[in-house]
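Written out below as structure tokens is the structure these notes cover.
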Amino acid sequence: MEGAELAGKILSTWLTLVLGFILLPSVFGVSLGISEIYMKILVKTLEWATIRIEKGTPKESILKNSASIGIIQRDESPMEKGLSGLRGRDFELSDVFYFSKKGLEAIVEDEVTQRFSSEELVSWNLLTRTNVNFQYISLRLTMVWVLGVIVRYCVLLPLRVTLAFIGISLLVIGTTLVGQLPDSSLKNWLSELVHLTCCRICVRALSGTIHYHNKQYRPQKGGICVANHTSPIDVLILTTDGCYAMVGQVHGGLMGIIQRAMVKACPHVWFERSEMKDRHLVTKRLKEHIADKKKLPILIFPEGTCINNTSVMMFKKGSFEIGGTIHPVAIKYNPQFGDAFWNSSKYNMVSYLLRMMTSWAIVCDVWYMPPMTREEGEDAVQFANRVKSAIAIQGGRQITWGGGDGGLKRAKVKDIFKEEQQKNYSKMIVGNGSLS
């Protein structure tokens, strides 16, 4: 009995602290400054660890690690320039060397598929999942790492699991109850309150620190919010500052329960798997949504898959064929405190969430950008590329391979890309060495 009473007291104290210091501030959108103090201590610790690593690591090892980030020194000159020193007027066998060189470069370090692996860090951040292999530096640094493991797994993980459970439970219960109300301004207000509160709780379950810029450009109702995609928590990051109507495929299990509850309180757009293949049906439903200027802005990630924190890849044109106003948003995570990128080919959702909840924190910047509309004479592909370039520039990201297709994460290269290179070479042969 004494053990049960002690466990009950510990549990009640734990829940009281969580309620008083985290849940209630989340409802009102305020901070008590605890996360700021935690981040200051964390930054000082990582700065100290970086100095210790630099002092204890041989220069040869530093050079080796820095070189491993970029194996290939690429020549980005166009095909006609690359072949100009090897060929005469017509086809020559020496042309094979140019294509062999490009092929070997792609095999050793493909600039597209490497965007589907975690970003390399300049210095170790005291997490065991760093990309550069850890080696013994000093006893003091090792003790700090061990202390960090204890803090992350024995203190932060239980706290974060508790918050995530509370946040998801409140979201399901709250949206289900709000969904029973008749359509009115009160229902819309309560729905937004439930979504904002629960997303704030879930973000705090990841020790999230988000910096929003240019809030005057926040997406407006009746518009389309377009953002780059790094992680499933991109939705939480954006919804912490404003509500959106989400677009996606219907899922089963826990995700399906959440979707069915959310759609009762808010006009989210969920599609069955068979409907997702029907582009005309998808476009029709999205057009009907944005035609109502009282409905929340639609949130779309046009890349279609998660890309690591360094690049922006091809935007699918479907989002830009709908019409209406596009509100671009750039999201950039700070990898020093934790890797937010989800490599779905390597980790399932449970493993990914465990990695996130045992990271130091999730720190990111969100830039709202001026609204954009399709210009006269501009097709959907050109409009998508213009929006993509704006997001890449604002977030300090690279545009990979002309915005290479994110579908290459799971599929082979399309024949159209191979044929494009063949056509360029044919033009050079016919035009005696010039694409023009």
Side-chain angles (χ1 to χ4, degrees), residues 10 13-14 17-18 21-22 31-58 61-62 65-66 68-69 117-165 167 201-211 230-231 233 236-237 308-309 332-343 346-347 349-365:
I10 293 175
T13 303
W14 176 262
L17 292 174
V18 169
F21 289 100
I22 300 177
S31 174
L32 300 180
I34 299 175
S35 59
E36 287 78 3
I37 296 173
Y38 168 70
M39 290 304 300
K40 288 180 180 179
I41 296 174
L42 184 58
V43 168
K44 293 292 184 182
T45 303
L46 293 179
E47 288 177 350
W48 173 83
T50 300
I51 295 173
R52 297 291 301 181
I53 291 172
E54 290 176 350
K55 288 182 179 180
T57 305
S61 178
I62 295 176
N65 289 336
S66 62
S68 65
I69 297 176
S117 58
S118 295
E119 180 181 4
E120 292 280 358
L121 299 179
V122 177
S123 180
W124 187 40
N125 61 356
L126 299 181
L127 294 175
T128 53
R129 65 205 61 155
T130 181
N131 293 341
V132 180
N133 292 329
F134 169 68
Q135 60 180 0
Y136 177 80
I137 302 296
S138 67
L139 178 62
R140 187 182 303 178
L141 186 62
T142 302
M143 293 303 296
V144 170
W145 173 76
V146 172
L147 178 62
V149 172
I150 295 173
V151 169
R152 288 188 291 112
Y153 282 88
C154 299
V155 179
L156 294 180
L157 180 59
L159 174 62
R160 290 169 175 173
V161 170
T162 302
L163 288 175
F165 177 77
I201 293 173
C202 291
V203 167
R204 296 193 182 196
L206 301 171
S207 300
T209 300
I210 313 168
H211 306 286
T230 302
S231 163
I233 68 167
L236 296 178
I237 298 298
N308 76 2
N309 203 37
K332 179 73 172 179
Y333 292 90
N334 188 336
Q336 181 183 10
F337 305 99
D339 183 18
F341 169 63
W342 181 32
N343 186 350
K346 187 175 182 181
Y347 302 104
M349 180 59 75
V350 175
S351 300
Y352 170 74
L353 291 177
L354 179 62
R355 287 166 58 85
M356 295 284 284
M357 289 188 175
T358 53
S359 296
W360 293 116
I362 298 300
V363 180
C364 74
D365 288 272

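Since we're looking at a predicted model, the values are computed, not measured.
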task = Given side chain to side chain contact (heavy atoms under 4.5 Å, CB included), test W48 with V144 step by step and report yes or no.
result = CA-CA 10 Å; W48 173 83; V144 170; 3.6 Å; yes
ask   = Shortest non-hydrogen contact from C202 to L236?
value = CB-CD1, 3.9 Å
inquiry  = I need the L206 CG to I233 CD1 distance, nearest 0.5 Å.
reply    = 5.5 Å
From D365 atom CG to K332 atom NZ, the distance as rounded to the nearest 0.5 Å = 10.0 Å
ask   = Is there a donor-acceptor contact under 3.5 Å from the side chain of W342 to the main chain of Y347?
value = yes
key: Distance (rounded to the nearest 0.5 Å) between I41 CD1 and K44 NZ   = 11.5 Å
Backbone N/O of A340 and side chain of Y352: donor-acceptor pair under 3.5 Å = yes
task = Grab the two heavy atoms, one from Y38 and one from W360, that are nearest each other, plus how far apart they are.
result = OH-O, 2.6 Å
task = Working to the nearest 0.5 Å, report the span between NE2 of H211 and SG of C364.
result = 8.0 Å
ask   = So, do L157 and L354 sit near enough that their side-chain heavy atoms are less than 4.5 Å apart?
value = yes
Residue pair R355 / D339: nearest heavy atoms and the distance that separates them = NH2-OD2, 4.5 Å
ask   = Once you round to the nearest 0.5 Å, how far does CG of N308 lie from OG1 of T230?
value = 7.5 Å
remark   = Shortest non-hydrogen pair, R160 vs S207, comes out as NH2-OG, 2.7 Å
remark   = Between L156 and S359, the two heavy atoms sitting closest are CD1-O, 4.4 Å
ask   = Is the shortest heavy-atom distance from the side chain of L147 to the side chain of M143 under 4.5 Å?
value = no
query = Can you find a heavy atom in the side chain of I237 that is under 4.5 Å from one in the side chain of Y333?
reply = yes
Shortest non-hydrogen contact from L163 toward R204 = CD1-O, 3.8 Å
